[in-house]
Amino acid sequence: MPSQEFETVTDERPYSQQWYNNLRQTLGETACRQLGFYAIPADLLLSVVIPVYNEEQTLRQIVDSVRSVPIRKEIILVDDCSQDSSRAIIEELQSEEDVENRIQTVFHDRNQGKGAALKTGFGKATGDVVLVQDADLEYDPSEYPRLLRPIVEGKADVVYGSRFLGDQPHRVLYYWHYLGNRFLTTLSNAFTNLNLTDMETCYKVFRKEVMEEIEPRLKQRRFGFEPEVTARVARRHFRVYEMSVSYSGRTYEQGKKIGWRDGLQALWCIVRYGIAD
């Protein structure tokens, strides 16, 4: 059931039932479906989990972008012992919450890694749907409605936002990163029998029941989270969809953190969790 702490908004904002009814009357149902217009239930609560580590340059901007999405949300900010001013920014953001955007904060007393921060955030989530959002600006929160659609329509339990489906803008960056991603995704598919195009994507969206099943079992504390959670989802035969997303990748000079050691860890995790739960 949706949280009683939120008020239900029934105006004609984007993706409300009235908004969709008006568009359907004007454009027709077929056109609406092709354009991605649909109604998101007014009582749906989206939990957005944002792991934070030294993201003072982008943190406020990404949270403002998340808040601007016309969906009821709880935004869970997990600071993984940042050494910059991220904590102070998080405390400011918490004081600015509103009826549509409740903010929860958690502060790790030592750096544990992205996977550990996500697990902490998942444990705090109370929404009907749980979504992973990085604290940088590589992924665009305005695409949440596209990601949520298969779940809202009852077709999917899990949705991955793929950078490689081909119909969204994609910044051209590191060839060897791209090649490594394709290799890891292909190897993961070989173990899981899924046909994903982007296993390493940030944007992963889960129905609440899926996260309640998987979260207690998560072990990986760094970037091994991606192949681990994919293997656990596949083993339980949850319905998985991919939706295309745009990608504005950043350079190492701009703060990108993943490195070749994380690729080796991902390789080990693919084999480890592909063989046994």
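Judged purely by atom type and a 3.5 angstrom limit, Thr185 uses its side chain to pair as donor or acceptor with the backbone of Met199. Formation of a donor-acceptor pair under 3.5 Å by the Arg235 side chain with backbone atoms of Gly274 is found in this model. Here the side chain of Ser47 pairs a donor or acceptor atom with the backbone of Gly127 at under 3.5 angstrom. For the pair Arg146 (side chain) and Ser244 (backbone), a donor-acceptor distance under 3.5 Å is present. Between the side chain of Glu97 and the main chain of Ile103, a donor-acceptor pair closer than 3.5 Å is present. Judged by distance alone, the side chain of Gln133 and the main-chain N or O of Leu131 form no donor-acceptor pair under 3.5 Å. When atom types are taken as modelled, the side chain of Lys204 and the backbone of Val229 share no donor-acceptor pair closer than 3.5 angstrom. Side-chain atoms of Arg272 come within 3.5 Å of backbone atoms of Ala276 as a donor-acceptor pair (strictly under, hydrogens ignored). Remark: the backbone N or O of Cys81 is not paired with any side-chain donor or acceptor of Asn111 at under 3.5 angstrom. Remark: side-chain polar atoms of Gln94 are not paired, donor with acceptor, to backbone N or O of Gln104 under 3.5 angstrom.
Contact between Pro51 and Ala135 at its shortest, heavy atoms only, is O-CB, 3.6 Å. Residues Val159 and Met243 approach most closely at CG1-CG, 3.8 Å, considering heavy atoms. In this structure, Gly161 and Asp198 approach most closely via the heavy-atom pair O-OD2, 4.0 Å. Taking each heavy atom of Gly113 and Asp80 in turn, the nearest pair found is N-OD2, 2.7 Å. Heavy atoms only, all atoms of each residue included: Glu143 and Ser246 are closest at OE2-OG, 2.8 Å. Residues Ala42 and Arg72 share a closest heavy-atom pair of O-CD, 3.0 Å.
With hydrophobic clusters built from ILVMFWY side chains whose heavy atoms lie under 4.5 angstrom apart, Leu267 shares a cluster with Leu194. A single hydrophobic cluster is not seen to contain both Ile76 and Val129; linkage of ILVMFWY side chains at heavy-atom distances under 4.5 Å, directly or through other members, places them apart. Linking ILVMFWY side-chain heavy atoms closer than 4.5 Å, directly or via other members, places Val240 and Leu218 in a single hydrophobic cluster. Hydrophobic clustering of Ile, Leu, Val, Met, Phe, Trp and Tyr side chains at less than 4.5 Å, counting indirect connections, unites Val205 with Ile75. Under the 4.5 Å side-chain heavy-atom criterion for grouping Ile, Leu, Val, Met, Phe, Trp and Tyr, Val52 is connected to Val63 within one hydrophobic cluster.
Listed by chain and number, the residues in a ring pair (Phe, Tyr, Trp, His ring centres under 6.0 Å) with Phe238 amount to none (sequence neighbours excluded). Take Gln168 and apply the side-chain hydrogen bond (donor to acceptor under 3.5 Å, both in side chains) test, not counting sequence neighbours, and it matches no residue. Glu228 pairs by the salt bridge (charged side-chain N to carboxylate O under 4.0 Å, His left out) definition with Arg232, not counting sequence neighbours. Here Phe183 pairs with nothing under the ring pair (Phe, Tyr, Trp, His ring centres under 6.0 Å) rule; sequence neighbours left out. Every residue meeting the salt bridge (charged side-chain N to carboxylate O under 4.0 Å, His left out) condition with Lys114, not counting sequence neighbours, appears here in chain and number order: Asp134, Glu226. Residues passing the side-chain hydrogen bond (donor to acceptor under 3.5 Å, both in side chains) test with Arg149 are Glu153, sequence neighbours excluded. Residues passing the side chain to side chain contact (heavy atoms under 4.5 Å, CB included) test with Asn195: none are found, sequence neighbours excluded. With sequence neighbours excluded, the residues forming a side-chain hydrogen bond (donor to acceptor under 3.5 Å, both in side chains) with Ser82 are Asp79, listed by chain and number. For Tyr15, the ring pair (Phe, Tyr, Trp, His ring centres under 6.0 Å) criterion is met by Trp19, Tyr38, not counting sequence neighbours. Judged as a side chain to side chain contact (heavy atoms under 4.5 Å, CB included), and not counting sequence neighbours, the contacts of Glu215 are Lys119, Phe122, Met211. Judged as a side-chain hydrogen bond (donor to acceptor under 3.5 Å, both in side chains), and not counting sequence neighbours, the contacts of Arg207 are Asp157, Glu209.
Here the CD1-CG distance, from Ile50 to Leu59, works out to 7.5 Å after rounding to the nearest 0.5 Å. Atoms CD1 and CD, on Ile62 and Glu55 in that order, are 9.5 Å from each other to the nearest 0.5 Å. Distance check: Asn54 CG to Asp84 CG gives 4.0 Å after rounding to the nearest 0.5 Å.
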Practice problem: Go through Leu137 and Gln61 one step at a time and tell me if the side chain to side chain contact (heavy atoms under 4.5 Å, CB included) criterion holds. | Solution: CA-CA 8 Å; Leu137 303 177; Gln61 187 175 346; 3.5 Å; yes
message = Between Ser85 and Glu56, does the side chain to side chain donor-acceptor pair (under 3.5 Å) criterion hold? Intermediate values first, please.
response = CA-CA 6 Å; Ser85 62; Glu56 63 182 5; 2.6 Å; yes
Quiz prompt | Derivation of the side chain to side chain contact (heavy atoms under 4.5 Å, CB included) call for Ile270 and Leu184 | solution = CA-CA 8 Å; Ile270 288 170; Leu184 292 173; 3.9 Å; yes
Using the rule given for side chain to side chain contact (heavy atoms under 4.5 Å, CB included), can you reason through Asn181 versus Leu179, listing the C-alpha separation, both sets of side-chain angles and the distance that settles it, and then say yes or no?
CA-CA 5 Å; Asn181 188 306; Leu179 203 63; over 6 Å; no
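Looking only at side-chain heavy atoms (C-beta outward), Leu93 and Arg67 come within less than 4.5 Å of each other.
Sorted by first and then second residue, the pairs that involve residues 20-30 and meet side-chain hydrogen bond (donor to acceptor under 3.5 Å, both in side chains), not counting sequence neighbours, are Glu12-Asn22, Gln17-Asn21, Gln18-Asn22, Asn21-Arg24.
No close placement of the Tyr273 and Phe191 rings is indicated, their centers lying 6.0 Å or farther apart.
The pair Arg236-Glu213 meets the salt-bridge criterion, with a side-chain N (NZ, NE, NH1 or NH2) lying under 4.0 Å from an Asp/Glu carboxylate O. Here Arg163 does not pair with Glu200 in a salt bridge; the nearest charged N to carboxylate O distance is not below 4.0 Å. Residues Arg102 and Glu74 are paired through a salt bridge, judged by an N-O separation under 4.0 Å between the basic side chain and the carboxylate. Salt bridge status for Glu91 with Arg87: present, with a side-chain N to carboxylate O gap under 4.0 Å.
The side chain to side chain contact (heavy atoms under 4.5 Å, CB included) with Tyr203 is formed by just one residue from the set Tyr139, Tyr160, Tyr247; it is Tyr139.
Between the side chains of Ser162 and Thr197, at least one donor N or O sits under 3.5 Å from an acceptor N or O.
Applying the 6.0 Å contact sphere to CG of Asn193 captures no more than 12 heavy atoms from other residues, nucleotides or ligands.
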